[in-house]
There are 4 protein chains.
Amino acid sequence: MYFESDNAGPVHPKVMAALLAANEGYAHAYGADAIMDEVRARIRSLFEAPEAAVYLVATGTAANALALATLCKPWETVFCTAPAHIQTDECNAAEFYTGGAKLTLVPGADAKMTPEALRKVIEVEEKRGVHGPQRGPVALTNVTELGTVYSARELAALTSVAKNYRLATYLDGARFANAVAASGASPAELSWKAGVDAVSFGGTKNGLMAVEAVVLFDPAQAWEFELRRKRAAHLFSKHRYLAAQMLAYLEGDLWLEMARAANAANAQLAEMLRATGVVDYVHPPDANMSFAAWPRAAHRRLFDAGAAYYIWEGALEGDDLDEMLTARLVCDWSAREDDTARFVKLVAG
Amino acid sequence: MYFESDNAGPVHPKVMAALLAANEGYAHAYGADAIMDEVRARIRSLFEAPEAAVYLVATGTAANALALATLCKPWETVFCTAPAHIQTDECNAAEFYTGGAKLTLVPGADAKMTPEALRKVIEVEEKRGVHGPQRGPVALTNVTELGTVYSARELAALTSVAKNYRLATYLDGARFANAVAASGASPAELSWKAGVDAVSFGGTKNGLMAVEAVVLFDPAQAWEFELRRKRAAHLFSKHRYLAAQMLAYLEGDLWLEMARAANAANAQLAEMLRATGVVDYVHPPDANMSFAAWPRAAHRRLFDAGAAYYIWEGALEGDDLDEMLTARLVCDWSAREDDTARFVKLVAG
Amino acid sequence: MYFESDNAGPVHPKVMAALLAANEGYAHAYGADAIMDEVRARIRSLFEAPEAAVYLVATGTAANALALATLCKPWETVFCTAPAHIQTDECNAAEFYTGGAKLTLVPGADAKMTPEALRKVIEVEEKRGVHGPQRGPVALTNVTELGTVYSARELAALTSVAKNYRLATYLDGARFANAVAASGASPAELSWKAGVDAVSFGGTKNGLMAVEAVVLFDPAQAWEFELRRKRAAHLFSKHRYLAAQMLAYLEGDLWLEMARAANAANAQLAEMLRATGVVDYVHPPDANMSFAAWPRAAHRRLFDAGAAYYIWEGALEGDDLDEMLTARLVCDWSAREDDTARFVKLVAG
Amino acid sequence: MYFESDNAGPVHPKVMAALLAANEGYAHAYGADAIMDEVRARIRSLFEAPEAAVYLVATGTAANALALATLCKPWETVFCTAPAHIQTDECNAAEFYTGGAKLTLVPGADAKMTPEALRKVIEVEEKRGVHGPQRGPVALTNVTELGTVYSARELAALTSVAKNYRLATYLDGARFANAVAASGASPAELSWKAGVDAVSFGGTKNGLMAVEAVVLFDPAQAWEFELRRKRAAHLFSKHRYLAAQMLAYLEGDLWLEMARAANAANAQLAEMLRATGVVDYVHPPDANMSFAAWPRAAHRRLFDAGAAYYIWEGALEGDDLDEMLTARLVCDWSAREDDTARFVKLVAG
């Protein structure tokens with residue numbers, strides 16, 4: 001009963017097989033190998049962006065921080081939501097990589113911003129000429145940190161606001177595959193066709209060992225990105241093993257197959273949890289994450305039985321057994337139906 | 001005939017096997033898994049340092065930059081040699097991670113500094129109170145970037161100078177295993193027993209996919225290092241796959257076995273090259289790297305035959321077929337005798 | 001009718017006289033002159049802090065950024081209010097000087113935070129171990145950016161919260177003299193006796209040309225501050241001219257005399273504006289600044305007559321002559337009664 | 001007998017008078033005042049550069065660091081000499097402001113680089129693609145830190161090398177006036193006509209209180225410079241007092257008059273010292289600084305008599321009374337002939 005995170009599960013066997021297959025003889029280092037050539041071509045094709053610059057890094061924070069630093073000057077501010085990973089979970093990586101840019105929070109429900117809220121915050125931010133932080137890029141996440149999904153149309157409305165102020169948009173796609181699976185839109189429709197300037201195409205949370213692709217739709221920024229990646233120690237020498245993972249991910253749309261499996265597992269979990277009658281959903285479970293509340297007593301039963309997940313709001317300790325505590329439950333490609341059934345049974349009591 | 005770099009060769013099969021074995025079910029992320037517990041204990045034991053803080057990162061530059069940043073204030077200067085990797089091959093990563101420290105070059109032959117040279121440069125550096133850069137850590141590399149090896153005694157003489165000025169010493173051990181194999185000294189003798197405060201224990205250049213351990217002998221710096229690693233996006237979520245590589249590396253002293261193989265291959269190469277009578281060695285081939293010169297004509301024969309290596313000094317283009325061009329040749333654990341023989345034959349003509 | 005800012009007025013004649021007097025012959029540079037010795041002793045005495053480290057810089061932003069950088073690690077977050085000068089008016093200087101720390105906003109009315117609000121935000125901020133920004137110093141401003149004043153008691157309540165979490169407190173005292181004048185508390189009572197760890201004692205907005213003192217009550221941080229000041233290019237060679245200004249400021253409590261004059265001018269302005277019946281005060285005019293609203297028509301009369309001040313909320317352009325627009329009015333030591341009378345008459349219509 | 005530094009002497013009376021004159025009533029802050037408009041126009045005219053962007057800051061280090069940061073990316077390296085002020089006397093300000101760029105030292109006698117030396121170092125620096133630091137701007141100083149002067153022709157030869165590699169050139173002109181006075185070339189001839197992209201026009205070492213102008217010949221960089229200046233806390237609110245100093249400096253070529261006086265005083269000092277027969281000049285005293293050696297015994301006589309200057313090489317302590325110790329002697333506009341005569345007499349014995 002593991003719903004702790006989509007980075008706690010195993011790597012897909014096909015990916016392991018690809019790593020083994022890549023482990024033959026010598027290969028040029030630093031991304032100059034043949035597998036990476038193939039990866040580059042396939043990602044451009046997948047995103048319908050033949051000119052895009054494509055890079056691999058090993059962590060989602062590296063993808064975010066490097067892409068933002070490429071889009072943002074040190075004296076600017078990044079517009080993001082309060083639950084944004086770059087704001088809450090990266091220990092100031094964005095500030096470090098940008099050389100000291102600020103993050104300005106845009107209010108919104110379910111970790112999503114609205115065009116109106118974004119416009120308002122942008123308007124307020126820069127009224128002081130040289131004295132205040134200057135307006136910088138808009139940073140969105142899809143799937144959001146609260147498990148919700150932006151449609152292509154919602155994204156386009158936000159990037160349109162950004163473009164009105166000549167601001168770039170970065171999309172944190174740590175769970176991009178799950179957003180594609182959930183929305184039915186294509187990778188291009190969820191990125192550049194919706195006005196996004198750079199996106200990370202995450203793999204680590206979706207069955208890879210440790211690979212994220214960064215796709216810059218404006219290739220003019222490619223060389224700066226490469227220098228930033230190297231300077232930040234994120235250029236891998238034995239790069240073929242990043243490339244091999246990503247190629248396996250692309251092969252036969254494994255990325256989509258795994259994302260669909262994870263989303264489906266979460267949908268089933270949500271349906272079953274709601275059917276218990278004791279569970280309140282806090283955010284719509286659009287993709288592979290659930291934020292749901294149920295009584296403390298049931299949480300205790302679950303942990304006693306070995307379930308693994310985070311309590312998002314509230315504390316397991318406490319006298320009131322009926323108090324509702326919110327859990328975050330995350331499904332990955334390897335989620336198992338019997339685990340779900342057992343979990344829900346324990347919630348129901 | 002691949003002598004390009006020890007990061008161009010394959011991963012050792014035992015390491016791949018360990019990755020497969022680790023790929024079962026769920027595991028806590030970020031280094032809180034059982035394999036990492038084992039790694040921590042074993043590295044402390046290997047280094048005879050029961051209190052040491054042990055961390056894994058995926059690139060040598062990350063190990064260097066994070067360790068130096070932990071040891072060095074932004075207004076200080078790091079003492080290193082001119083060929084030091086941190087000076088020449090990391091695109092200002094040290095400057096970035098330290099927040100703008102300087103690197104001051106200590107002269108010396110074969111990428112090694114002497115105590116006298118170090119003392120002199122330290123003396124010169126800080127005569128200006130608050131105006132000049134302040135003296136910071138000494139950064140050594142073993143095996144050096146030019147393939148030479150410091151003995152434990154030589155290291156101790158250098159750290160002793162550093163200690164006279166109350167300066168810390170960091171040892172870039174991207175090829176630490178090769179230094180151990182070459183010197184016959186133990187890991188402890190080549191590190192803290194010789195006065196080193198922090199060392200990287202490299203794996204990527206010695207048969208791993210992408211793992212370096214950072215060992216801080218003063219655990220008081222542990223938490224700062226952890227925050228710096230996270231902030232720099234070098235904390236892996238699926239950390240078990242780093243740990244599994246490192247555990248396989250430690251198991252049965254695979255690290256030493258591979259380093260010995262690489263050093264032996266290089267020693268044989270050097271012996272055979274010298275026997276040709278047309279080769280001049282530029283630096284002593286103490287470990288797994290050769291810097292040797294031979295006529296342009298022979299270089300051309302080699303490249304025509306598909307040999308892979310770097311020309312370190314001079315250019316392949318040129319009219320004078322007798323001109324001596326210096327090559328860098330690197331052997332890893334997978335170097336093959338028949339390749340060596342064929343290579344030397346082509347040099348000999 | 002100049003109410004634009006307290007940095008638009010002239011330097012007090014006694015300060016100019018002191019500059020002239022200091023302009024004799026040679027003097028040691030960088031703060032090693034006799035005038036600075038005197039300044040150091042007097043500020044320690046004024047603050048009843050015989051051990052304090054005392055430094056001069058030329059801008060308020062330099063004082064804030066250097067002091068915060070000394071108190072805050074790059075992976076931490078500074079707690080401040082939304083209107084804080086460091087948040088809105090320093091173009092990311094705090095982020096730059098700290099090496100990429102974050103600013104976390106504490107809600108509150110009139111640019112003041114309450115202990116409850118501060119505690120809540122601190123509690124929320126750090127729940128994620130190494131992943132989130134770490135808790136850093138609390139940054140207060142007194143007089144606040146909205147013209148209100150913290151009492152010594154209010155400050156103590158806030159620093160007490162900070163101390164519960166072992167966090168330091170910095171006080172931006174760009175208008176510290178006005179706060180002393182307004183509150184009747186002593187410099188010590190408004191700083192270290194109220195739990196403040198470092199304070200800027202501003203002069204530029206109160207009749208000096210360009211000097212702020214930074215007072216660090218913990219002298220252990222002195223050398224780091226000196227290095228940061230030098231590295232940031234804020235150490236003046238002809239430092240005697242900073243010291244001379246500050247000495248004149250301290251002499252005969254000129255600082256307090258000027259602050260009282262500015263506060264009195266503002267109090268009179270507020271009384272007269274309120275008496276017009278058409279003016280709404282937006283924040284309490286505790287010291288030398290007024291934030292007050294009146295109809296657009298009156299604003300137009302004022303600007304036509306050459307008045308100088310900022311419209312804080314709203315725009316001079318617009319059809320509705322009755323719409324209330326908020327002005328910021330600032331008085332300095334040189335404010336003149338006849339200007340005030342003329343200004344109020346134009347507001348009244 | 002004060003030869004310690006040109007920043008230890010007094011401000012010229014005309015400059016003090018200008019400050020007093022500027023101290024009337026209100027003036028717009030941050031450089032939007034009428035005096036600054038006049039300064040901007042006059043500096044453009046003086047440099048024959050009608051499009052240039054002109055800014056004032058208060059310290060030479062600020063001028064250097066801000067200009068270099070505007071010309072240099074964090075992953076680049078600045079080419080300068082070993083005695084360069086940015087290398088030895090700014091506590092890593094260049095590294096801080098550029099966000100972690102490196103400084104690469106170009107060898108040369110008397111703190112001057114030659115085109116050949118520069119070309120060689122540039123060639124060596126960047127052979128490693130993304131791995132090494134990238135080539136950045138060339139930074140020259142005129143008058144150099146060792147008192148020598150580049151002619152316009154020498155400057156042009158160096159910037160020509162820089163331009164071959166598409167690198168910008170920055171000129172640290174802390175003693176630019178002295179270079180103009182020494183070389184007989186015009187400000188334009190010693191800057192943009194010689195290929196310089198940005199220059200500081202120093203005043204603090206030449207009779208001002210604390211003002212340096214930064215002149216960017218490419219106005220496209222103006223806004224970035226303004227943001228960098230603000231973010232670094234170097235934008236003065238009461239900016240009129242910087243402008244007033246600079247205007248007095250320009251008025252009637254006071255800058256040139258003072259520089260000529262300082263150079264003449266140094267020339268006389270050098271002539272008289274050489275005439276003693278016991279003094280060796282270490283560097284040519286081209287402008288207002290002497291680096292000269294004489295026996296320890298004479299140094300002791302001087303210090304006993306109250307002379308103030310730096311011993312540059314060697315130590316006052318020591319048994320050998322005949323040992324030659326090198327002094328640095330600096331003359332400013334206020335140097336007095338009787339001081340010089342007395343000083344030389346003490347050297348002669």
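Quick caveat, the model's predicted, so the values are computed rather than measured. Protein chains get the first letters and strands the later ones, always in sequence-line order, with residue 1 at the start of each.
- Annotation: the span from B:Lys230 atom NZ to C:Gln134 atom CD amounts to 11.0 Å, rounded to 0.5 Å.
- Contact annotation: the side chain of B:His131 approaches that of C:Leu235 to within less than 4.5 Å [non-hydrogen atoms, C-beta and beyond].
- Within 6.0 Å of the CD atom in B:Glu51, the count of heavy atoms belonging to other residues, nucleotides or ligands does not exceed 12.
- Contact annotation for C:Pro74: both backbone and side-chain heavy atoms come within less than 4.5 Å of a heavy atom of chain B.
- At a heavy-atom separation below 4.5 angstrom, chain B is approached by C:Trp223, C:Glu224, C:Glu226, C:Leu227 within residues 218-227 of chain C.
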